[in-house]
Amino acid sequence: MPHFNPLVAKLSPPPVPSVLAWAQAYDGAKGPLIDLSQAVPGYPAHPDMLRWLGEAAAAPVYTGYGPIEGEPELRSAYADQVATLYGAPIAAGNVHITSGCNQAFICAAMAIASAGDTVLMTNPYYFNQETTLAMLGINVELAPCDAGAGFLPEVDTIASALRPGVRALALVSPNNPTGAVYPADLLQRIYEVCRANGAWLILDETYRDFLPDAAVAPHRLLQTEGWQDGFIGLYSFSKSFCIPGHRLGAITAGPAVVEQMTKIMDNLQICAPRSAQAAVAKAIPALADWRLANRAEIAARANALKDVMSRLPQWKLQAIGAYFAYVRHPFRDIDSQFVAEKLAKLAGIVCLPGDYFGEGQESYLRFAFANADVPTIMKLEERLSGFALPGI
């Protein structure tokens with residue numbers, strides 16, 4: 001019997017492929033499959049983006065290694081975008097480009113925590129972040145988020161959990177899986193509690209470009225004096241530019257943090273994909289209006305789901321925002337994994353079980369509604385209203 005790293009061997013297989021396998025058993029009886037499983041944009045990339053990707057991929061200059069921290073033009077373009085959004089003096093030196101936001105989180109975790117240290121997360125949590133910490137031998141403690149409070153973290157709960165040895169608090173806003181959007185005042189108070197306890201705040205803002213108001217900064221953390229010594233921001237270009245397969249993310253941090261990230265990144269990948277960096281550097285200023293239109297489209301999809309759920313009182317919409325909705329299913333004492341499997345196989349609705357996102361989440365399902373257009377979302381009403389579990 002081969003011996004594997006026990007920190008890896010004890011992890012469950014990646015969850016999304018198992019859910020997609022359920023969908024393969026659906027016979028089409030209720031109509032076309034409705035895929036609400038994965039956080040992917042349900043519309044194509046802009047034609048100019050595809051053209052720029054093709055041109056850069058064919059350019060010999062991008063076939064060699066690039067700067068570990070990222071292409072200078074992308075670091076500058078993204079820094080300008082962040083500076084404008086947050087009204088803060090962010091420069092290229094505050095930016096490190098990574099191969100996707102998952103890699104950004106790995107870099108952040110490795111930069112500030114060692115094996116045996118502890119990182120605090122919320123419950124429910126984004127499973128890839130939890131498994132990343134587990135593989136690194138970093139302990140995870142959870143701060144519960146209450147459904148009655150819209151799954152927003154409570155400052156007192158976090159403060160009581162930030163004991164010595166807790167190196168950081170990892171948050172996602174807009175949240176995955178719940179969709180909950182953390183108000184700016186709440187994030188400020190949480191950051192101050194972290195600073196008072198010597199802990200970093202890592203904030204994953206992968207879905208911030210789909211908040212309702214493009215003109216309002218999601219928080220004021222980058223305007224706070226000394227933020228470089230206590231805050232790390234994470235971001236993904238995948239959703240905004242519809243290029244998840246090109247794997248491109250970004251870190252916003254102090255120069256000292258970026259220096260540590262560079263050491264890590266040199267061993268993980270050396271540099272993020274260069275042709276995609278060149279294309280996104282052009283797209284950030286050029287496709288601003290297109291991205292605004294997509295923001296409005298995602299908002300329309302969210303409103304459509306709210307409308308549908310308002311007519312399904314047994315299926316309770318607990319939280320919604322950006323890409324996700326967190327729904328309480330009506331089958332008491334039935335595990336969400338069983339419910340999700342039957343939804344996929346019998347009703348052609350593919351979603352993720354809540355218990356993939358933490359203990360105590362067995363009553364919930366995650367709907368990634370951004371992957372479906374409004375007419376498709378409206379079909380959920382008939383399918384959910386007529387859905388029953390066999391033998392129950």
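Counting from 1, the numbers follow the sequence of the chain as shown. If you're wondering where the values come from, they're calculated on a predicted model, not measured in any experiment.
When every heavy atom of T98 is checked against every heavy atom of A104, the shortest pair comes out as OG1-CB, 3.5 Å. Across every non-hydrogen atom of L305 and A325, the tightest pair is CD2-CB, 3.5 Å. Contact between I112 and A168 at its shortest, heavy atoms only, is CD1-CB, 3.6 Å. Considering every non-hydrogen atom in both A283 and F241, the closest pair reads CB-CE2, 3.6 Å. Counting all heavy atoms, side chain and backbone alike, R295 lies closest to R208 at NH1-O, 3.9 Å. When all heavy atoms are compared, the tightest approach of Y26 to P32 is CE2-C, 4.4 Å.
Listed by first and then second residue, the side-chain hydrogen bond (donor to acceptor under 3.5 Å, both in side chains) pairs involving residues 341-358 are S18-Y356, S336-D355, E341-K345 (not counting sequence neighbours).
R167 has its side chain out of reach of T118: every pair of non-hydrogen atoms, C-beta onward, lies at least 4.5 Å apart. Residues I202 and L234 have side chains in contact (heavy-atom distance under 4.5 Å, counting atoms from C-beta outward). In this structure, L53 and H246 have side chains that are in contact, with non-hydrogen atoms separated by less than 4.5 Å. Between Y191 and W200 there is no side-chain heavy-atom pair separated by less than 4.5 Å. Taking 4.5 Å as the limit, some side-chain heavy atom of V327 sits within range of a side-chain heavy atom of M309. Using a 4.5 Å cut-off on side-chain heavy atoms (C-beta onward), V280 and M49 make contact. Contact check for P353 versus D335: no side-chain heavy atoms found under the 4.5 Å cut-off. Two residues are said to be in side-chain contact when any heavy atoms from C-beta on lie closer than 4.5 Å; L171 and L169 meet this criterion.
Between the side chain of H329 and the backbone N or O of E362 there is at least one donor-acceptor pair closer than 3.5 Å. Remark: side-chain polar atoms of N94 are paired, donor with acceptor, to backbone N or O of A253 under 3.5 angstrom.
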inquiry  = Could you walk me through whether Y326 and Q361 satisfy the side-chain hydrogen bond (donor to acceptor under 3.5 Å, both in side chains) test, starting with their C-alpha distance in whole Å, then the side-chain angles of each, then the deciding distance to 0.1 Å, before giving a yes or no?
reply    = CA-CA 10 Å; Y326 213 47; Q361 305 304 312; 2.9 Å; yes
inquiry  = Using the rule given for side chain to side chain contact (heavy atoms under 4.5 Å, CB included), can you reason through D266 versus I264, listing the C-alpha separation, both sets of side-chain angles and the distance that settles it, and then say yes or no?
reply    = CA-CA 5 Å; D266 187 43; I264 298 165; over 6 Å; no
inquiry  = Quick one, E297 with R301, criterion salt bridge (charged side-chain N to carboxylate O under 4.0 Å, His left out). Give me CA distance, side-chain angles, the key distance, then yes/no.
reply    = CA-CA 6 Å; E297 172 59 27; R301 297 179 185 194; 2.7 Å; yes
ask   = Could you go step by step and tell me if Y364 and F151 meet the ring pair (Phe, Tyr, Trp, His ring centres under 6.0 Å) rule?
value = CA-CA 12 Å; Y364 299 99; F151 288 100; 5.5 Å; yes
query = Passes side chain to side chain contact (heavy atoms under 4.5 Å, CB included), F387 versus L380? Steps please.
reply = CA-CA 10 Å; F387 178 73; L380 289 171; over 6 Å; no
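Using a 3.5 Å distance cut-off with no hydrogens or angles, the side chains of Q188 and T224 do pair a donor with an acceptor. Inspection of the D204 and Q129 side chains reveals an N or O donor paired with an N or O acceptor under 3.5 Å. In the model, Y235 has a side-chain atom that pairs as donor or acceptor with a side-chain atom of S240 under 3.5 Å. If you check the side chains of N371 and Y43, you find no donor sitting under 3.5 Å from an acceptor. A donor-acceptor contact closer than 3.5 angstrom is absent between the side chains of N102 and R247. Side-chain contact check for N123 and Y125: no donor-acceptor pair (N or O, by modelled atom type) lies under 3.5 Å. For the residue pair E205/H219, the side-chain donor-acceptor check at 3.5 Å is satisfied.
D185 and R189 are not joined by a salt bridge, as no carboxylate oxygen comes within less than 4.0 angstrom of a charged side-chain nitrogen. One finds no salt bridge joining K239 and D209 here, because no Lys/Arg side-chain nitrogen approaches an Asp/Glu carboxylate oxygen to under 4.0 Å. Ion pairing between a basic and an acidic side chain is recognised when a charged N comes within 4.0 Å of a carboxylate O; R163 and E141 show such pairing. A salt bridge does not link R75 to E71: none of the charged side-chain nitrogens sits closer than 4.0 Å to a carboxylate oxygen.
Ring-centre distance between F369 and Y323: not below the 6.0 Å cut-off. Here F331 and F338 keep their ring centres 6.0 angstrom or further from each other. F237 and Y78 have their aromatic ring centers within a separation under 6.0 angstrom.
In this structure, OH in Y182 is found 7.5 Å from CD1 in I190, a value given to the nearest 0.5 Å. Atom CG of D35 is separated from atom CD of Q38 by 8.0 Å, given to the nearest 0.5 angstrom.
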